[in-house]
Structure formats: C-alpha cells, structure tokens
Amino acid sequence: MSSRALLLAGATLAFIAVLAGAFGAHALQDRLEPRLLAAFMTGAQYQMYHALALLVLGALQASPAADQHFARAGGCFLAGVLLFSGSLYALALTGIRALGMITPIGGTLFLVGWCLAIAAAWRHGR
C-alpha cells in the first residue's frame, strides 16, 4: 500500500470507529444485551487501534524509513479490521453466532501485521 492509501485508510477507519463507538454507546445501549454490546464496542476499540497504526505506517512509508513490510503490515491491518471488527459488528447487530468464527481470522491478520511491522522496524535499525 502506498503512503497515501495507508493514510486515507487510517483516517477513514478512525472516523468510522468514532461513529461506531458513539452509535454503540447511545443507540445500542438499551437495545442489545450486555454481551453483544461489549462485542460491538470491542470491534470499535480494535478498529481505532489499527486505524491509528495505519496512520503511523502511512507516515513511515512517506519517510526515509519506508519499507515494503510497513506497507504489507498496513494491508494486514486493513483486512484485519474488516474481518475482526466487521464480524463483531455483524454478530452484535444480528445475533448470528456463526459470524464469530470470522473474528479470529481478523485477529490473526492483526498479529501478522504486527510481525511485519516488527520486521520492518528491525530492518530499519540496521
């Protein structure tokens, strides 16, 4: 992913995470059972964490520290948000428990992305 794509994805996902958090706190609080509301809010929380990480990766990709591992990490974070947070949002809103089987795939993509970011940071330090 290019620096611009990482920055756009990060800013967009952060915006949506704020909307999702507000929606969960205000519109869903009295409509969902606590377990489902907690799942929804976890999705928003992890989305924000990884949106911020995408912004950092975008800045790094635009700097002399640019590394393809940063770009690949960003791709993993983006896909991870779609699968992890997306499945939690869908699970909370629909109650379809089978959607929870998608969540670990997104979590695994987060972990792969962090491993790639570690590798890029390690390579940059040499």
Side-chain angles (χ1 to χ4, degrees):
M1 296 182 77
S2 69
S3 173
R4 182 171 190 245
L6 291 167
L7 292 168
L8 284 170
T12 301
L13 288 176
F15 177 83
I16 294 168
V18 171
L19 282 177
F23 181 68
H26 299 288
L28 298 178
Q29 187 173 10
D30 296 329
R31 296 181 184 180
L32 293 180
E33 62 183 79
R35 186 177 98 325
L36 292 176
L37 181 59
F40 187 92
M41 296 306 279
T42 296
Q45 196 173 31
Y46 274 75
Q47 180 172 334
M48 180 58 82
Y49 296 153
H50 289 87
L52 295 173
L54 283 167
L55 292 170
V56 171
L57 291 173
L60 287 168
Q61 201 60 8
S63 76
D67 186 295
Q68 278 307 107
H69 284 354
F70 286 136
R72 290 184 185 111
C76 287
F77 290 163
L78 181 57
V81 166
L82 295 175
L83 294 174
F84 183 89
S85 297
S87 66
L88 289 177
Y89 297 148
L91 167 69
L93 295 173
T94 67
I96 300 171
R97 294 180 192 258
L99 292 168
M101 293 187 301
I102 298 168
T103 309
I105 299 167
T108 300
L109 285 166
F110 287 155
L111 294 172
V112 170
W114 286 113
C115 287
L116 289 167
I118 290 166
W122 180 262
R123 288 167 29 142
H124 179 66
R126 292 183 164 194

Please tell me if the side chains of Met48 and Leu52 come closer than 4.5 Å, counting only heavy atoms from C-beta onward.
yes

Roughly how far, to the nearest 0.5 Å, is CG of Leu36 from CZ of Arg31?
14.5 Å

For Tyr46, does the OH atom sit with more than 12 other heavy atoms under 6.0 Å from it, leaving out its own atoms?
no

Distance check, rounded to the nearest 0.5 Å: Thr94 atom OG1 versus Leu99 atom CG?
5.0 Å

Non-hydrogen side-chain atoms of Leu78 and Met1 separated by less than 4.5 Å:
yes

Hphob cluster co-occupancy, Leu7 + Val18, side-chain heavy atoms under 4.5 angstrom:
yes

Does the side chain of Leu82 come within less than 4.5 Å of Leu109's, by heavy atoms?
no

Check whether any side-chain heavy atom of Leu91 sits under 4.5 Å from a side-chain heavy atom of Ile96, and report yes or no.
no

Looking only at heavy atoms, which two atoms of Gly106 and Leu83 are closest? And how far apart?
CA-CB, 3.8 Å

Reported CD-to-CD1 distance for the pair Gln47 and Ile16, which is rounded to 0.5 angstrom
6.0 Å

Taking side chain as C-beta onward, heavy atoms only, is Val112 less than 4.5 Å from Arg72?
no

Between Gly58 and Ser3, the two heavy atoms sitting closest are O-OG, 2.7 Å

Gap separating the CG atom of Leu93 from the CG atom of Leu32, nearest 0.5 angstrom:
6.5 Å

Side-chain contact, heavy-atom cut-off 4.5 Å: Phe110 with Val81?
yes

CA sep, side-chain torsions, deciding dist, call: Leu37, Met41, side-chain contact (heavy atoms from CB on, under 4.5 Å):
CA-CA 6 Å; Leu37 181 59; Met41 296 306 279; 4.2 Å; yes

Between His69 and Leu116 the two heavy atoms that sit nearest each other are CB-O, 3.4 Å

Where do Ala73 and Ala117 come nearest, in terms of heavy atoms and distance?
CB-N, 4.0 Å

Applying side chain to side chain donor-acceptor pair (under 3.5 Å), name anything that partners Thr103, two or more places apart in sequence or on another chain.
Ser87

State the CG-CG distance between Leu55 and Leu60, to the nearest 0.5 angstrom.
11.0 Å

Closest non-hydrogen contact found for Ala53 with Phe77 is CB-CE1, 3.7 Å

Residue pairs passing the ring pair (Phe, Tyr, Trp, His ring centres under 6.0 Å) test with at least one member in residues 20-42, sequence neighbours excluded, are Phe40-Tyr89

In terms of heavy-atom contacts, Ala44 and Ala17 come closest through O-CB, 3.8 Å

